[in-house]
Amino acid sequence: MLLKEKVEAALEKVRPSLRADGGNVELLEVTDEGIVKVKLTGGCGGWPMYQMTLKMGIERLVKEEVPEVKEIIAE
């Protein structure tokens with residue numbers, strides 16, 4: 001399985017929680033260095049606490065599922 005596919009599978013696990021709050025996450029890019037670029041959409045995109053959601057929620061889960069990931073950045 002490719003790194004991008006692994007990341008997408010991990011994001012599928014976090015999406016139900018985001019959708020429950022009116023948001024979602026879109027995978028934009030996965031670099032060879034393990035940097036994942038995402039876009040938070042819906043309620044998450046304009047939410048003041050989105051950075052905490054990104055780092056403490058999404059990034060933590062994805063790193064657990066896909067250890068090759070070094071960081072997740074929101075575009």
Side-chain angles (χ1 to χ4, degrees):
M1 184 182 284
L2 296 172
L3 184 57
K4 186 172 183 175
E5 291 171 345
K6 291 180 186 178
V7 171
E8 188 63 53
L11 289 175
E12 277 302 315
K13 293 183 177 183
V14 76
R15 282 189 173 114
S17 298
L18 295 174
R19 288 179 182 140
D21 289 330
N24 205 345
V25 62
E26 177 184 341
L27 179 60
L28 300 176
E29 180 183 0
V30 179
T31 70
D32 292 337
E33 294 80 29
I35 306 299
V36 176
K37 295 180 182 178
V38 298
K39 180 179 180 183
L40 295 173
T41 60
C44 293
W47 190 46
M49 298 296 286
Y50 88 91
Q51 194 67 19
M52 190 167 84
T53 298
L54 178 71
K55 293 294 179 182
M56 302 302 289
I58 299 170
E59 184 176 83
R60 183 181 56 80
L61 176 83
V62 171
K63 282 181 168 181
E64 285 176 11
E65 297 282 323
V66 189
E68 301 93 327
V69 170
K70 304 292 182 249
E71 184 179 15
I72 296 185
I73 300 170
E75 293 275 313

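Between E12 and P16 the shortest heavy-atom distance is O-CD, 3.2 Å.
Two residues are said to be in side-chain contact when any heavy atoms from C-beta on lie closer than 4.5 Å; V36 and V66 fail this criterion. With contacts defined as side-chain heavy-atom distances shorter than 4.5 Å, the pair L28/V38 does not qualify.
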Cut-off 3.5 Å, no hydrogens considered: what does the side-chain donor-acceptor table look like for residues 1-10, sequence neighbours left out?
residue	atom	partner	partner atom	Å
E5	OE1	L2	N	3.1
K6	NZ	E68	OE2	3.1
E8	OE2	R15	NH1	2.6
E8	OE2	R15	NH2	3.0

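Remark: S17 pairs with no residue by the side-chain contact (heavy atoms from CB on, under 4.5 Å) rule, at least two apart or across chains. Under the side chain to side chain donor-acceptor pair (under 3.5 Å) criterion, E33 pairs with T31, sequence neighbours left out. Partners of E71 under the side-chain contact (heavy atoms from CB on, under 4.5 Å) rule, at least two apart in sequence or in another chain, are I35, K55, E59, I73. When the salt bridge (charged side-chain N to carboxylate O under 4.0 Å, His left out) test is applied to K13, the partners found at least two apart in sequence or on another chain are E65.
Side-chain atoms of K37 do not come within 3.5 Å of backbone N or O of V30 as any donor-acceptor pair.
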